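The structure under discussion appears below in the form of structure tokens.
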Amino acid sequence: MSTRTLIRNAIGARLTAGGAVVPTANLLRGRNNTLASLSFPAAAVYATEEQIEVRSLAPTDRVQYRQLTVNVDYFTAQTGVTFVDDLFDTGSAAVEAAVLADVTLGGLCRDLHLSSVQYVIEDDENVRWGVARHTFNCIYLTTD
């Protein structure tokens, strides 16, 4: 299993540990999922980019410094009098606390930090819902 897969799985496990952020059934793996109106709240974990820098030159065992961009999308919908913005605040705080509780993800990476959060609200006819997209940078080393 690739390090990228292990990192995504570790982040997903943190989001669902003890039902901390989203119910386990509502954790979406990857970007090829659709949301049903009954699946709020939910989260999706996926990688979007990886930058690689060679740190040592040699015929073998070159050290590569890698920065993996992992997104955690937190989906929520307005319920009663609770506004989507308030749900974003609560959900984002939970996502950040869960993912950043161990910035090495159990030794999978050297460091993990939050670089941005983007909030989008969709105005649907039936329900007002949105997504808080958290972008994390995960730094790890490999050899080839």
Side-chain angles (χ1 to χ4, degrees), residues 1-56 61-144:
M1 191 173 298
S2 77
T3 303
R4 286 181 297 280
T5 301
L6 294 172
I7 289 169
R8 286 193 321 270
N9 289 345
I11 290 173
R14 294 197 176 283
L15 293 174
T16 58
V21 178
V22 296
T24 304
N26 293 334
L27 179 65
L28 310 172
R29 306 239 182 227
R31 291 172 274 187
N32 58 342
N33 297 287
T34 58
L35 288 174
S37 61
L38 299 176
S39 63
F40 295 111
V45 179
Y46 56 94
T48 57
E49 180 181 15
E50 187 168 25
Q51 295 183 8
I52 303 163
E53 179 182 318
V54 175
R55 288 287 174 101
S56 65
D61 296 329
R62 285 181 291 242
V63 175
Q64 294 180 343
Y65 174 89
R66 293 176 174 246
Q67 291 187 66
L68 179 66
T69 302
V70 178
N71 286 76
V72 175
D73 291 353
Y74 176 75
F75 299 92
T76 190
Q78 187 167 324
T79 57
V81 296
T82 305
F83 295 108
V84 173
D85 297 86
D86 295 336
L87 295 169
F88 279 158
D89 293 341
T90 303
S92 288
V95 166
E96 293 169 26
V99 174
L100 297 174
D102 175 7
V103 296
T104 68
L105 297 175
L108 288 173
C109 56
R110 295 288 178 108
D111 195 13
L112 174 73
H113 64 273
L114 179 67
S115 62
S116 69
V117 183
Q118 179 184 20
Y119 303 98
V120 178
I121 297 175
E122 300 292 338
D123 198 12
D124 189 296
E125 287 181 22
N126 301 318
V127 63
R128 190 172 193 108
W129 65 278
V131 58
R133 177 164 293 130
H134 304 79
T135 302
F136 293 92
N137 287 323
C138 182
I139 298 166
Y140 67 101
L141 301 176
T142 61
T143 56
D144 65 357

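For reference, positions follow the sequence shown, starting with 1. All values derive from a computational prediction rather than experimental measurement.
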(message) With a sphere of 6.0 Å drawn around CZ of Arg110, does it hold more than 12 non-hydrogen atoms of other residues, nucleotides or ligands?
(response) no

Calculate, to the nearest 0.5 Å, the distance between atoms [atom1] and [atom2] belonging to [X] and [Y] respectively.
X      : Y      : atom1 : atom2 : result
Ile7   : Leu108 : CD1   : CG    : 6.0 Å
Gln67  : Glu50  : CD    : CD    : 9.5 Å
Asn71  : Tyr46  : CG    : OH    : 4.0 Å
Ile11  : Thr16  : CD1   : OG1   : 12.0 Å
Phe88  : Ile121 : CZ    : CD1   : 5.0 Å
Leu105 : Tyr140 : CG    : OH    : 12.0 Å

(request) Would you check if there is a donor-acceptor pair between the side chains of Tyr119 and Asp85 at a distance under 3.5 Å? (result) no

Do the non-hydrogen side-chain atoms of [X] and [Y] ever get within less than 4.5 Å of each other?
X      : Y      : answer
Tyr74  : Leu15  : no
Phe75  : Glu122 : no
Arg8   : Leu68  : no
Val117 : Glu96  : yes
Gln118 : Thr135 : no
Ile139 : Tyr65  : yes

Looking only at heavy atoms, what is the nearest atom pair of [X] and [Y], with distance?
X      : Y     : answer
Gln78  : Leu87 : CA-CD1, 4.0 Å
Ser56  : Val63 : OG-N, 3.0 Å
Gly106 : Arg14 : N-NH2, 4.2 Å

(request) Applying side-chain contact (heavy atoms from CB on, under 4.5 Å) between Phe136 and each of Val45, Leu100, Thr69, report the one that passes. (result) Leu100

(request) Return yes if some donor-acceptor pair links the side-chain N/O of Ser115 with the main-chain N/O of Asn137 below 3.5 Å, else return no. (result) no

